[in-house]
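Report on one structure; see the data block that follows.
Note that the numbering runs from 1 along the sequence shown for the chain.
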Amino acid sequence: MFRSLSVKKKSDKTDTGSGTVAEEPPHPSRVLHTQISQQVLDTLFVDFSKSLWHAFNSLAHDEVVQKSRLKVIVSTIGRELGFENAQAILDQHTETELDFLKFFSIIKYEMLDKIKAESEERKLLTRPDFTQIHRVCWMLCSNKTLSTKDKAPPEVDPIIGVVSQTDSCNGTEDDEQTSNLQDDNAFKLWRVFNFFVESDYTGNPSIPLRLDVEEAVQIYTRFTAISGQLRKERELHFISDVKDEITFELFLELFVKHFASDICPAAQTYTINLLYENVVLDTMKKGTLSKHGKKLNNWKEYFFVLTSKQLTYYLASDECELKRVVPFDDSWELEIPPEDMGPRSHKFVVFTPMKVFELTAASFQKKYQWISAFKKVIEHNKDHFEDGISVERQMALERKKKRDERRAEAEAVTQRLFEQANLLKDHAKLLEQERLDRAMIQANLMEETALRRSEQIRCQNLELEMAKNVREEIGRREEIQKLCDEQRKMYEEEHSQLKSVEYEREKGTRLLQDAKEKLELLEVERDAALEKLEDAAQRLKVAEEIRSKMESAFKDWKTKH
């Protein structure tokens, strides 16, 4: 079921987004198998799922697609991966409409898992070629992304799938070349966009595909650096207006508006192609170097391409005639001989298990550019030789890790602020309750003060009344005393005249008896008045004690708060 995969010529470069590149020499008899890690194979499937989502989304209505419309895509995928009559796998499912997750689960179970299982059975994980599949997915979704002026609809064969693009009915040969150039540039930007889109915590792409603003700035900054538009790096403030994550349509619109419009088409194509090679094809460095041949003891120029996983060199810069592919392992070493004044002064040596490469560059600057690239590859593979992850993807993962940490920190700060806000609300409630309590205490204090004043006034009135009563009592006593004196005088007079005026004595006795009774009554009234005075004084004393306690409580409360 799984056919042997051979690398194709330059026009069919295997770009995977995982960092390694496999290319086919012009001779069909020479087949190159690239052994990859399980993680790289999974990365290939993830990149494939991103392209497939774009194609699916271009056909979707309310996030679902009729199963009959998906058979063309499935047929094309199956043909490229070596599965005959692949469209029949959809007939095994009864649903008439599929969402993307269901559709991809079918593709994964029926094709990708079988590729992985067969590779594991042979104990050699070989690289499936998704290049044409990416192209097919782009042809489908580009109709939605690009205008009809720039992109014609793909021609679809119901049996073999998408086969070509039809020319515009009024287009000339020059128009077609321009359209193809624009389409190819957009395709490569689309692949770069897919490379950097956000993923979930499992490493799978987050659906729908969106690009983080930081990654968009990363792409735009690298484009300006490659194209020499250094002033544009200072004008990236426009990206701050984008609040949400970026769709490919918005990414392409911003790119054309702010970057592509200022350079000629040839420079645009060159810059995008270099960006594409650096990111998607994992090209760390490429260019012409002279290699010393051990057998003939001579120097010959080759065109070298260095990725994070292999060193490839060709007979010419068109990369058509492959000379050799040297897979990387963790035993590579780099030696830099001292500079000399000879014709091969810009020399450096790369030690590999396959052979020793004695290389020389055309200039001092190019030499150290190559040395820097080799050092970067060697350093990267100290930690990532086994997992096969590319330099570019590792940097993207590190940026995502930092973004996730910043987001987690921001969420933690937001949570802390939320908790603090709740604490402030609770504190405000407590303060409000304390204010109400204080107002109640003040009201009670004012009420007590009013009562105290009323009691003071009542006591003053009682004092005045008692003073009046005392004065009256004194007056009465004085009168009684006067009467007593008079009575005594009369008694003395009567005593002297006792015998003669017995009748008057008895009468005086009765008067005296009445006066005594009145005096006793006045004494009783005086005692009652004194008791009232003592009661009033006691109540005044209690009121003063209550007032003192209230003032002391109020001072204590005020001190605490």
Which heavy atom of H380 sits nearest a heavy atom of S308, and at what distance? CD2-CB, 4.3 Å
Residues K402 and E214 bridged, charged N to O under 4.0 Å: no
Calculate, to the nearest 0.5 Å, the distance between atoms CD and CE belonging to Q218 and M395 respectively. 7.0 Å
Take W332 and N381, measure what side chain to side chain contact (heavy atoms under 4.5 Å, CB included) needs, and give me the verdict at the end. CA-CA 10 Å; W332 279 32; N381 280 279; over 6 Å; no
Strictly below 4.0 Å, N to O, side chains only: are E392 and R222 in salt-bridge contact? yes
Are R435 and E432 close enough for a salt bridge, meaning some N to O gap below 4.0 Å? yes
D437 and Q433: side chain donor to acceptor below 3.5 Å: yes
K71 bridged to D91 by N-O distance under 4.0 Å: yes
Report the C-alpha distance between I207 and L209 in whole Å, list the side-chain angles of each, state the deciding distance to 0.1 Å, and finish with yes or no for side chain to side chain contact (heavy atoms under 4.5 Å, CB included). CA-CA 5 Å; I207 302 299; L209 298 186; 4.0 Å; yes
Audit row: L451, I546, side chain to side chain contact (heavy atoms under 4.5 Å, CB included) steps and yes/no: CA-CA 11 Å; L451 289 174; I546 292 174; over 6 Å; no
Take T247 and R210, measure what side chain to side chain contact (heavy atoms under 4.5 Å, CB included) needs, and give me the verdict at the end. CA-CA 5 Å; T247 63; R210 295 291 184 267; 3.3 Å; yes
State, with a plain yes or no, whether a side-chain heavy atom of I378 is found less than 4.5 Å away from one of F328. yes
Heavy-atom distance under 4.5 Å between the side chains of V326 and V350, does that happen here? no
Do the non-hydrogen side-chain atoms of F255 and I219 ever get within less than 4.5 Å of each other? no
Any side-chain heavy atom of F193 sitting closer than 4.5 Å to one from K50? no
Do D212 and R399 make a side-chain contact, defined as non-hydrogen atoms from C-beta onward lying under 4.5 Å apart? no
Do D282 and K309 meet the salt-bridge criterion of a basic N to acidic O distance under 4.0 Å? no
Tell me, do R458 and S454 make a side-chain contact under 4.5 Å, heavy atoms counted? no
Could you tell me the separation between the CD atom of E447 and the CD1 atom of I441, rounded to the nearest 0.5 Å? 13.5 Å
Salt bridge between K116 and D113, side-chain N to carboxylate O under 4.0 Å? no
Contact between N204 and V46 at the side-chain level, heavy atoms closer than 4.5 Å - yes or no? yes
Considering all heavy atoms of both residues, which atom of G287 and which atom of W370 are nearest to each other, and what is their separation? N-CZ2, 3.4 Å
About how many Å separate NZ of K532 and CG of L462, when rounded to the nearest 0.5 Å? 8.5 Å
Test item: S75 side-chain N/O and V72 main-chain N/O as donor-acceptor pair under 3.5 Å: no
Output yes when a side-chain donor or acceptor of D535 lies under 3.5 Å from a complementary backbone atom of E531, and no otherwise. no
Non-hydrogen atoms of A55 and C141 that approach each other most closely: N-CB, 4.2 Å
Looking at side-chain heavy atoms only, is the closest gap between V74 and I106 below 4.5 Å? no
S372 (side chain) donor-acceptor with Q369 (main chain) under 3.5 angstrom: no
Regarding D556 and K560, does a basic nitrogen lie under 4.0 Å from an acidic carboxylate oxygen? no
Looking at R407 and D404, does any basic side-chain N land under 4.0 Å from a carboxylate oxygen? yes
Going through the distances and angles, do E398 and Q394 end up as a side chain to side chain donor-acceptor pair (under 3.5 Å)? CA-CA 6 Å; E398 290 174 356; Q394 179 60 29; 3.2 Å; yes
Got a donor-acceptor contact below 3.5 angstrom from the N273 side chain to the T269 backbone? no
Roughly how far apart are D62 CG and D99 CG, rounded to 0.5 Å? 12.0 Å
Between atom CG of L189 and atom CD1 of I272, what is the distance when rounded to the nearest 0.5 Å? 4.0 Å
If you draw a 6.0 Å radius around CD in Q66, do more than 12 non-hydrogen atoms from other residues or ligands fall strictly inside? yes
On a heavy-atom basis, which atom in V65 and which in A60 lie closest, and how many Å separate them? CG2-CA, 3.4 Å
Using 30° and 60° as the class limits, which term best fits the ring planes of F187 and Y276: parallel, tilted or perpendicular? tilted
For N194 and W53, which I'm curious about, is there any donor-acceptor pair between the side chains at under 3.5 Å? no
Can you tell me how the ring of H134 sits relative to the ring of W190, calling it parallel under 30°, perpendicular over 60° and tilted otherwise? perpendicular
Look at atom NE2 of H427 and say whether more than 12 heavy atoms of other residues, nucleotides or ligands are closer to it than 6.0 Å. no
Under 3.5 Å, side chain of K367 to main-chain N/O of F348, donor-acceptor pair present? no
Can you name the closest pair of heavy atoms from F100 and L52 and give their distance? CE1-C, 3.8 Å
We want to know whether Q456 and Q460 form a side-chain donor-acceptor pair, criterion being a heavy-atom distance below 3.5 angstrom. no
Keeping the roles fixed (side chain from S552, backbone from S548), state whether a donor-acceptor pair exists under 3.5 Å. no
With a 4.0 Å cut-off, would you call K376 and E379 a salt bridge? no
Check whether S142 reaches the backbone of M139 with its side chain - one donor and one acceptor, N or O, closer than 3.5 Å. yes
S105 (side chain) donor-acceptor with K102 (main chain) under 3.5 angstrom: yes
Is T449 reaching over with its side chain to a backbone N or O of L445, donor-acceptor style, under 3.5 angstrom? yes
As an exercise, state the distance from CD of Q132 to CG of L81, rounded to the nearest 0.5 Å. 11.5 Å
For C459 versus A536, what's the shortest heavy-atom pair and its separation? SG-O, 4.0 Å
So that I know where these two stand, are F56 and F104 an aromatic pair - ring centroids less than 6.0 Å apart? no
